[in-house]
**Q** 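If you scroll down you'll find the structure; I have some questions about it.
None of the values given here were measured: they were computed from a predicted structure.
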Amino acid sequence: MAYIMVLIANLSVFSIIQVDRQLHTPMYFFLSSLSILDVCYSTIILPAMVVNAITGNRRISYSGCFIQLYFFICVGGTECLLLAAMAYDRYVAICNPLQYVLIMNKRFCSYIVAGCFLLGLINSMFHTLMTLRLSFCGSRNINNFLCDVLPMLEAACSDIYSSQMLIRVDTVLLGVSTFLVVMNSYTHIISTILKIHSSEGRKKVFSTCSSHIIVVTIFYITAMFNYNGPSSGDSFIIVQVSSVLYGILSPMLNPMIYSLRNQEVRKAFKKAMTRTQIVIRTIRLYNLNLKNVKLHALIS
């Protein structure tokens, strides 16, 4: 049920942005990319989780585990970078509005998104290759319902120092650096907002980035809880809950946050619903007329 909700919500946001020309702006281009990432996140985690719950079988093949590991790390790293890019977009829009169209042009935004995905792929490749070097001494238990780096390091029976060093470097380059970009962007944004004399103007400007602030906060809190909260001695249930918060909560809440707090998205949804109702009514009317014509021909 949760997987279906994530799919419907994120694909709806993506479709609305693609269909409505008024939403063809850098901010919504990044949001549509985030929706696709969230669909990927839930697809990596939830189907396997549902199968495990139904069958009671938590076994996974060696190759299947590393495929899941690769894509899970890839999506997580890409989302870190994309959230930082979205913060930079809001910084340029609010702090340098006259140059916004020139700086955040379509080509530049496409390069940013492509770069986020490429760096996510490269980062995941390094982690996966380092983990492949480890020895697992046959069949081992992973204290999680998915193949993530930390649970796999705990299950390894060989030297994991190199993998641990890579995680620390990755935490600085991908985690801390993107967080600093977000914090620096919003420091300048808040400073600019405070200089606006009109309370109405401040509220209007802040509303354009409030959704992103909430999304970033949820992402980093759940990520910190997942990678710093549970320890190797914790039960499977505790580790499972932390992974659910990190891998499922964000994809489920992101489209709701942007839909409920963004007036333009709400308008686009209403417009799309109206169009859908018109199409449905037209089809029903056509079918009714077709039945009447057939009935009239039969009577004649």
**Q** Listed by chain and number, what are the disulfide (SG to SG under 2.5 Å) partners of Cys65, not counting sequence neighbours?
**A**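 Cys65: disulfide (SG to SG under 2.5 Å) contacts with Cys147.
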**Q** Partners of Ser15 by side chain to side chain donor-acceptor pair (under 3.5 Å), sequence neighbours excluded?
**A**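 Applying side chain to side chain donor-acceptor pair (under 3.5 Å) to Ser15 gives none.
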**Q** Flag the pair Cys209 / Ile94 as yes when at least one side-chain heavy-atom distance between them is below 4.5 Å, and no otherwise.
**A**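 A side-chain contact under 4.5 Å exists here.
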**Q** Hey, are the side chains of Phe117 and Leu37 touching, using non-hydrogen atoms and a 4.5 Å cut-off?
**A** yes
**Q** Identify all side-chain donor-acceptor contacts of residues 69-89 below 3.5 Å with residues at least two apart in sequence or on another chain.
**A**
residue, atom, partner, partner atom, Å
Tyr70, OH, Leu121, O, 3.4
Thr78, OG1, Cys74, O, 2.7
Asp89, OD1, Tyr100, OH, 2.6

**Q** Cluster question for you: counting only ILVMFWY and a side-chain heavy-atom cut-off of under 4.5 Å, with indirect links fine, are Tyr41 and Phe14 together?
**A**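 No; tracing contacts between hydrophobic side chains, which count when under 4.5 Å, never links both residues.
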**Q** What distance do Arg90 atom CZ and Ser211 atom OG have between them, rounded to the nearest 0.5 Å?
**A** 10.5 Å
**Q** So, taking the atom named CG in Leu31 and the one named CG in Asn254, what distance separates them when rounded to the nearest 0.5 Å?
**A** 8.5 Å
**Q** Quick one: side chain to side chain donor-acceptor pair (under 3.5 Å) pairs with a partner in residues 108-126, sequence neighbours left out?
**A**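 For residues 108-126: none.
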**Q** If you take all heavy atoms of Ile213 and Thr217, which pair is closest and at what distance?
**A** O-OG1, 2.7 Å
**Q** Distance check, rounded to the nearest 0.5 Å: Ser42 atom OG versus Met5 atom CE?
**A** 11.5 Å
**Q** Could you go step by step and tell me if Phe30 and Ile17 meet the side chain to side chain contact (heavy atoms under 4.5 Å, CB included) rule?
**A** CA-CA 10 Å; Phe30 290 130; Ile17 292 172; over 6 Å; no
**Q** Which donor-acceptor pairs under 3.5 Å do the side chains of residues 179-190 make with protein atoms, sequence neighbours left out?
**A**
residue, atom, partner, partner atom, Å
Ser185, OG, Val181, O, 2.8
Tyr186, OH, His212, ND1, 2.6
Thr187, OG1, Met183, O, 2.7
His188, ND1, Asn184, O, 2.8

**Q** Between Met125 and Leu132, is there shared hydrophobic-cluster membership here, with clusters defined by ILVMFWY side-chain heavy atoms closer than 4.5 Å?
**A**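 Looking at the clustering, Leu132 is in the same group as Met125.
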**Q** Could you check whether any side-chain N or O of Arg202 sits under 3.5 Å from a backbone N or O of Ile193, counting only pairs where one atom can act as donor and the other as acceptor?
**A**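 Side chain of Arg202 to backbone of Ile193: no pair is present.
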**Q** For Ile36 and Ser32: C-alpha separation, side-chain torsions, deciding distance, then whether side chain to side chain contact (heavy atoms under 4.5 Å, CB included) applies.
**A** CA-CA 6 Å; Ile36 294 299; Ser32 64; 5.9 Å; no
**Q** Phe126, Phe66: one ILVMFWY side-chain cluster at the under-4.5 Å cut-off?
**A**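 No, because Phe126 and Phe66 fall into different hydrophobic clusters, even though each may have its own neighbours under 4.5 Å.
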**Q** What is the distance from atom OG1 of Thr192 to atom CD1 of Ile196, rounded to the nearest 0.5 Å?
**A** 7.5 Å
**Q** How long is the straight-line distance from CG of Leu153 back to CG of Leu134, given to the nearest 0.5 Å?
**A** 6.0 Å
**Q** Is it true that Leu119 and Leu129 fall in one hydrophobic cluster, defined by side-chain heavy atoms closer than 4.5 Å?
**A** no
**Q** Determine, using the 4.5 Å side-chain heavy-atom cutoff (strictly less than), whether Leu174 and Val215 are members of one ILVMFWY cluster.
**A**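 Shared cluster, no.
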**Q** With a 3.5 Å cut-off and sequence neighbours excluded, list the donor-acceptor pairs that the side chains of residues 155-170 form with protein atoms.
**A**
residue, atom, partner, partner atom, Å
Ser158, OG, Ser135, N, 2.9
Asp159, OD1, Tyr161, N, 3.3
Asp170, OD2, His127, NE2, 3.1

**Q** Which distance, rounded to the nearest 0.5 Å, do you find between the CE of Met104 and the CD of Gln99?
**A** 13.0 Å
**Q** Using the side chain to side chain contact (heavy atoms under 4.5 Å, CB included) rule, take Ser191 and Lys195 through it: C-alpha gap first, then chi angles, then the decisive distance, then the call.
**A** CA-CA 7 Å; Ser191 176; Lys195 292 177 183 177; 4.0 Å; yes
